[in-house]
Structure formats: structure tokens, C-alpha cells
Asks: 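Below are the C-alpha cells for one structure; questions will follow.
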Amino acid sequence: MAAYSGRGVHGQTVRLLAERVLSGAIGEGQTIDLAALSAELGLSLTAIREAIKVLAAKGLVGSRQKKGTFVRPRGDWNLLDPDVVRWQIAAGAGDVFFRDLAELRDALEPAAALLAAQRRTDADVAELRAALADIADSAEGPAEAAARADLRWHRALLAATHNELFVRTDVFFAAGLSERDRLVHGGAHGDPVPSHGAVTEAVAAGDALAAESAMRSLLDQARADLLRITEDDAPEDDLERPQ
């Protein structure tokens, strides 16, 4: 599904309602009183209904005769949708989301690097190196450009496995990886080129075990970069609380 690009009052309304659902402020199964929302926000019922349509398209809400509009069970939510990812983070669920993302990457990407080293073609290596050059060029630029370059590299690695199901796992982490990269590249972080370069050259050399090991090192750095950012953003009393 294409990313939602609503702006202005409509976009703000969609984000507000989404964050209330994703934070649990409006719980699963709970009926949403559209008239009350209209009065609270000072918006017409038509504006509220238009915002609800966006949430319905993401699987967050539904409607039934005599029950009205209600929050769907979490199992129905499209949690891989880029907008839902962003709204989850804005709603305060970033810590859990990024933990889940890191665990998913730990399971998938070292294995992908190993397969890529065994099956890569010259074209695959060329694309990995081109994506690596993009990462280097964007390192000091806007966070969005760095995120795009990083995602290009990870997609190139998956493509080099020549396993269609591995390639399709992109849907599991692309949106989350982009949001993580925007967050990390917006603050202090380690140079991403050496870690990505180590994987690239191990794949190019056909050294499967080295590629797998280099990817694990890359993921360790990614985890450290994210931890550094989240610790910097945490209130001082949270940082001082015993673990």
C-alpha cells in the first residue's frame, strides 16, 4: 500500500487518531464516538470520517451496523505499513518496535549475507558497491538521503541471495529500517561505510563465513548507534534509574 501523504488539518487529524489507537488510548474493540471527536477537535463530521477512512485502509478501524466505528484487533493492523510504523513510534511504541526489528534483522540478514556470498553475480556485486558509494556520499547529508542509500544496499544484498523468499522479506523490515535510519542519521552515529564495506567485499570475494560474520558486526554497530540516540533523547531521571 502506498504511503499516506496527507497534509494540513486532514493529515494532522489522521495522525492524531492513529496515535490514539496505536497507543491504546482508544482500545481494541472500543467504539469511536465520531460526534464526540468532532466536538473535541472542532472539526466537521465529514473531516473526521475522511480521517477514519485512512485508518480503515490500514486495518486499524472498522465499522459494523449498530456498532458504528470501532478499533479492530491488533492482529488485523497492517503493522508493516510505513505510515503505521511512523505512527507507532510517534505514539511512544518505538522501543518495542525497534527491539522487534533488531531481532528480525539478527535472524534474517546474516543468513542473507552468507547466501549472497555463495550466489552473487558480477551484477550483484556492482549494485552492492554502487549502493555503498551512495551510503558514503550521503553520510553527511540529510537523514532521508542516508536512509534511502542504506535501504538500497540492504535490498541489493537480499537480491544477491537469488532466493525469491529472501528478497520478499524486504517487506518485513524496509519501513522500519527507513525510520530507524532517519532517527540514527539525524544524530551522532558511527561511520556506516566500513561495516557495509566489509560485508560487500566478503560477498564479492565469495567468502560466505566472512560475509555472515561481517553482517553480525554491522548489526552490532546498528544496535549501538540506536542505543546511543535513544539514551541521548531520554530524560536524565530515566538514565539514572537503576537497571
Asks: Just how far is it from atom NZ of Lys58 to atom CG of Asn78, taken to the nearest 0.5 Å?
Replies: 7.5 Å
Asks: Is Arg148 paired with Glu144 through a side-chain N to carboxylate O contact shorter than 4.0 Å?
Replies: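 Not counted as a salt bridge, because no side-chain N and carboxylate O are separated by less than 4.0 Å.
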Asks: In terms of hydrophobic clusters joined by side-chain contacts under 4.5 Å, are Val193 and Val203 together?
Replies: yes
Asks: Starting at CZ of Arg120, measure out to OG1 of Thr200 and round the result to the nearest 0.5 Å.
Replies: 12.5 Å
Asks: Could you note down all residue pairs passing side chain to side chain donor-acceptor pair (under 3.5 Å) where residues 121-136 supplies at least one of them, sequence neighbours left out?
Replies: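 Checked against side chain to side chain donor-acceptor pair (under 3.5 Å) - neighbours excluded - the pairs reaching residues 121-136 are Thr121-Asp124, Asp124-His162, Glu127-Arg152, Arg129-Glu201, Asp134-Arg152.
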Asks: Give me the atom names and distance for the closest heavy-atom approach of Phe70 to Ser63.
Replies: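 Distance-wise, the nearest heavy atoms are CE2-N, 3.5 Å.
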Asks: If I take atom CG from residue Leu60 and atom CD from residue Glu28, how far apart are they, to the nearest 0.5 angstrom?
Replies: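 Those atoms lie 10.5 Å apart.
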Asks: So with a 6.0 Å cut-off around CD of Glu164, is the heavy-atom count from everything else above 12?
Replies: no
Asks: May I have the step-by-step check of salt bridge (charged side-chain N to carboxylate O under 4.0 Å, His left out) for Arg216 and Asp106, ending in yes or no?
Replies: CA-CA 7 Å; Arg216 292 194 187 283; Asp106 284 344; 5.9 Å; no
Asks: Enter the distance from Ser195:OG to Asp225:CG here, rounded to the nearest 0.5 Å.
Replies: 8.5 Å
Asks: Are any side-chain N or O atoms of Glu40 and backbone N or O atoms of Leu37, one a donor and one an acceptor, separated by less than 3.5 Å?
Replies: no
Asks: If you look only at distance, which donor and acceptor atoms sit under 3.5 Å apart when one is on a side chain in residues 110-119 and the other is two or more places apart or in another chain?
Replies:
residue, atom, partner, partner atom, Å
Arg119, NH1, Thr161, O, 3.1

Asks: Start with the C-alpha distance between Val61 and Ile26, add both sets of side-chain angles, then the distance that settles side-chain contact (heavy atoms from CB on, under 4.5 Å), and finish with yes or no.
Replies: CA-CA 11 Å; Val61 301; Ile26 307 177; over 6 Å; no
Asks: Within the side chain of Trp77, is there an N or O that forms a donor-acceptor pair under 3.5 Å with the backbone of Arg72?
Replies: yes
Asks: Could you state the interatomic distance from CG (Leu158) to CG (Leu108), rounded to the nearest 0.5 Å?
Replies: 8.0 Å
Asks: Apply the test salt bridge (charged side-chain N to carboxylate O under 4.0 Å, His left out) to residues Glu179 and Arg86: give CA-CA distance (whole Å), side-chain angles for both, the deciding distance (0.1 Å), then the verdict.
Replies: CA-CA 7 Å; Glu179 288 306 305; Arg86 284 193 289 273; 3.5 Å; yes
Asks: Between the side chain of Arg180 and the main-chain N/O of Ala222, is any donor-acceptor distance below 3.5 Å?
Replies: yes
Asks: Is there any ring-ring contact (aromatic ring centres under 6.0 Å, His included) pair reaching into residues 122-160, and which pairs are they, with sequence neighbours excluded?
Replies: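 The answer is Trp153-His196, His154-His196.
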Asks: If two hydrophobic side chains count as joined below 4.5 Å and joins carry through other members, does Val21 share a cluster with Val84?
Replies: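 Yes: a chain of side-chain contacts under 4.5 Å links Val21 to Val84.
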Asks: Using side-chain heavy atoms (C-beta onward) and a distance below 4.5 Å, is Asp220 in contact with Arg223?
Replies: yes
Asks: Quick one, Leu16 and Leu41 - any side-chain contact, counting heavy atoms below 4.5 Å?
Replies: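 Counting from C-beta outward, Leu16 and Leu41 do come under 4.5 Å.
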Asks: Could you go through residues 43-56 and list every donor-acceptor pair under 3.5 Å that involves a side-chain atom there, pairing it with any protein atom two or more places apart or in another chain?
Replies:
residue, atom, partner, partner atom, Å
Ser44, OG, Ala47, N, 3.1
Glu50, OE2, Lys53, NZ, 3.2

Asks: For the atom pair CD (Glu109) and CG (Leu104), what is the distance rounded to the nearest 0.5 Å?
Replies: 8.5 Å
Asks: Would you say Ser23's side chain and Glu19's backbone share a donor-acceptor pair under 3.5 angstrom?
Replies: yes
Asks: Give a yes or no on whether Val85 and Val96 share a hydrophobic cluster (residues Ile, Leu, Val, Met, Phe, Trp, Tyr; joining criterion: side-chain heavy atoms under 4.5 Å apart).
Replies: no
Asks: Can you hop from Val14 to Leu34 via hydrophobic side chains spaced under 4.5 Å?
Replies: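 Val14 and Leu34: one cluster.
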Asks: Please list all pairs meeting ring-ring contact (aromatic ring centres under 6.0 Å, His included) that have one or both residues in residues 20-68, counting only residues at least two apart or in different chains.
Replies: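 Residue pairs with at least one partner in residues 20-68: there are none.
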Asks: For Val167, what are the other residues in its hydrophobic cluster, where any two members join if their side-chain heavy atoms are less than 4.5 angstrom apart?
Replies: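 Hydrophobic cluster check, Val167: no partners found.
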